[in-house]
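Numbers here are sequence positions counted from 1. Remember, predicted model here, so these are calculated numbers, not experimental data.
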Amino acid sequence: MDKQNVVIGKSDVVSTPLGLGTNAVGGTNLFPNLQDNTGVEIVKTGLDNGIKLLDTAFAYGMGHSEELIGQAIKDYKRDQIVISSKAAQDTSTGDVTINNSPAFLKKAVDDSLMRLKTDYIDIFYIHFPDEKTPKNEAVATLNELKKAGKIRAIGVSNFSLAQIKEANQDNYVDVVENEYSLLHRDAEKDVFPYLHDHKISFVPFFPLASGLLTGKYSKTVTFPEDDIRHDNPDFKGDRFAKIVDKVSSIKSIADSHDATVAQTILAWYIANPEISVVIPGAKKASQVESNAKALDVRLSDSEYKQIDDTFKEF
């Protein structure tokens, strides 16, 4: 099981199967104490270590992540980088509302291009569905922008299967980015078969499940009340203990590849035929460097199946 490059949907965008999630690059509204220079270093480290796709969004720092990426990529060849960005958060009234209207999406793409200091965005996603815009109309607007050369591939994110089908009435959708991991596998039942039948790529977010799949937790760890993991069911009681045991059982496979558990889990996603690009995030450059080594981990068919079976109940 080996894939060096992946084509995004029906577009001509080609990426490495490992990307970089950049919500901690400039996402000061999401994480405390982020430093701009660290964010720029994270992006450059990814590009210097064989990672081609940078996944960002307006919502990460309300445009600041895009600005830092624009700063980081100026010394690199643009055609060697795949930039994906997302928008839906409308701040024009002072409040944050979700907007998929054609006028909003056109302005969002232009604003994104300006912040990224680039002429085109490789993949542009509607970040969240709004409650009133017909999804095929929103996607038709992105198709206009694709024809104009402003974007190269059309994506939707956080869409249910029904919303994906509505968005794809004209067969314009190239890629879906939704939550999926070895611990959250609902997409396998209904979303994956539809995407497969319609040549739509899939990019999972939270692939390492807030660090749970990295092997760094013991059963005795506790989280303070202001930590987002405190109320996360994955980090509670019997489920948490079971997950920790399952992750520990992957260590023997990791050791046989001289790899970490996180690298081995990422290698599973890379080998998964239903997944196009996996986009783990990072808060420091050393994490990016470590994640990039997953590209060198080649799981055998039996190892892939063993990992798959280990987490089948989730």
Side-chain angles (χ1 to χ4, degrees), residues 1-8 14-24 42 45-55 82 84 175-185 187-188 191-192 195-196 201-217 234 243-314:
M1 288 188 178
D2 185 16
K3 57 187 180 193
Q4 298 295 322
N5 291 293
V6 290
V7 178
I8 302 299
V14 179
S15 176
T16 48
L18 181 72
L20 172 63
T22 64
N23 61 357
I42 285 169
T45 301
L47 296 174
D48 291 342
N49 283 272
I51 290 171
K52 194 169 180 179
L53 185 143
L54 307 172
D55 181 89
V82 175
S84 70
V175 55
V176 169
E177 183 176 315
N178 277 359
E179 181 172 4
Y180 172 81
S181 72
L182 280 161
L183 303 181
H184 297 276
R185 306 184 68 164
E188 293 175 357
V191 174
F192 283 4
L195 301 188
H196 185 79
S201 295
F202 183 75
V203 175
F205 63 76
F206 297 156
L208 295 175
S210 301
L212 250 184
L213 289 169
T214 64
K216 68 181 181 182
Y217 293 112
D234 285 345
I243 291 169
V244 171
D245 282 341
K246 300 273 190 189
V247 173
S248 296
S249 74
I250 303 302
K251 195 164 185 335
S252 59
I253 297 176
D255 288 345
S256 71
H257 288 274
D258 196 21
T260 66
V261 169
Q263 289 160 357
T264 306
I265 296 292
L266 289 174
W268 184 86
Y269 293 118
I270 289 168
N272 188 324
E274 304 299 335
I275 291 172
S276 293
V277 186
V278 60
I279 49 168
K283 288 182 182 167
K284 48 191 178 183
S286 58
Q287 291 173 324
V288 185
E289 211 168 334
S290 179
N291 288 344
K293 291 177 182 167
L295 288 164
D296 299 322
V297 178
R298 302 280 189 266
L299 298 175
S300 67
D301 289 355
S302 62
E303 289 170 333
Y304 178 89
K305 186 176 185 304
Q306 185 182 332
I307 294 170
D308 193 47
D309 289 347
T310 297
F311 294 95
K312 210 64 172 173
E313 67 186 89
F314 299 103

- For the residue pair Tyr180 and Phe192, categorise the inter-ring angle as parallel (less than 30°), tilted (30 to 60°) or perpendicular (more than 60°). tilted
- Message: More than 12 heavy atoms of other residues, nucleotides or ligands under 6.0 Å from NZ of Lys284: yes or no?
- Response: no
- Looking only at heavy atoms, which two atoms of Pro17 and Leu295 are closest? And how far apart? CG-CD2, 4.1 Å
- Query: So, Glu177 side chain and Phe205 main chain: donor-acceptor pair closer than 3.5 Å or not?
  - Reply: no
- Note on the structure: CD (Glu289) and OG1 (Thr45) are apart, to the nearest 0.5 Å, by 6.5 Å
- Does the side-chain contact (heavy atoms from CB on, under 4.5 Å) test come out yes or no for Leu213 and Val247, once each step is laid out? CA-CA 6 Å; Leu213 289 169; Val247 173; 3.9 Å; yes
- Query: Is the shortest heavy-atom distance from the side chain of Asp234 to the side chain of His184 under 4.5 Å?
  - Reply: yes
- Is there side-chain contact between Ile275 and Val6, with at least one heavy-atom pair below 4.5 Å? no
- Item | Atom pair OG1/CD1 of Thr310 and Ile265 - distance to nearest 0.5 Å | 8.5 Å
- Message: With a 6.0 Å cut-off (strictly less than), is the heavy-atom count around NZ of Lys246, excluding the residue itself, greater than 12?
- Response: yes
- Note on the structure: OG1 of Thr22 to CD1 of Ile42, rounded to nearest 0.5 Å, is 9.5 Å
- Item | Heavy-atom closest contact (Lys283 atom, Ala24 atom, distance) | CG-CB, 3.8 Å
- Item | Criterion side chain to side chain donor-acceptor pair (under 3.5 Å) on His257 and Glu303, from CA distance to verdict | CA-CA 11 Å; His257 288 274; Glu303 289 170 333; 2.8 Å; yes
- Output, in order, the C-alpha distance, side-chain angles, deciding distance and verdict of side-chain contact (heavy atoms from CB on, under 4.5 Å) for Asp308 and Asn272. CA-CA 10 Å; Asp308 193 47; Asn272 188 324; over 6 Å; no
- Check: Ala271 main-chain N/O paired with Tyr304 side-chain donor or acceptor under 3.5 Å: no
- Query: Is the backbone N or O of Leu182 less than 3.5 Å from a side-chain atom of Tyr269, with the two atoms forming a donor-acceptor pair by type?
  - Reply: yes
- Query: Hey, what do you get for CG (Leu47) to NZ (Lys52), rounding to the nearest 0.5 Å?
  - Reply: 11.0 Å
- Should Phe311 and Ile250 count as side-chain neighbours, where that means a heavy-atom distance under 4.5 Å? yes
- Item | CD1-CG distance between Ile253 and Leu299, expressed to the nearest 0.5 angstrom | 7.0 Å
- Side chain proximity check, Ser201 to Val7, heavy atoms < 4.5 angstrom: no
- Item | Heavy-atom donor-acceptor pair, Ser276 side chain to Ile8 backbone, under 3.5 Å | no
- Item | Over 12 foreign heavy atoms within 6.0 Å of CG, Asp309 | yes
- Item | Stepwise side-chain contact (heavy atoms from CB on, under 4.5 Å) check, Phe202 with Glu274 | CA-CA 7 Å; Phe202 183 75; Glu274 304 299 335; 6.0 Å; no
- Which heavy atom of Asn291 sits nearest a heavy atom of Gly281, and at what distance? ND2-O, 3.8 Å
- Minimum heavy-atom distance Val297-Ala259, with the two atoms named: CG2-CB, 3.9 Å
- Any chance you could measure Asp55, atom CG, to Ile279, atom CD1, to the nearest 0.5 Å? 3.5 Å
- Nearest heavy-atom pair of Gly215 and Val261: which atoms, and what distance? N-CG1, 4.2 Å
- Scanning both residues in full, the closest heavy-atom pair of Ser249 with Ser252 reads O-OG, 3.6 Å
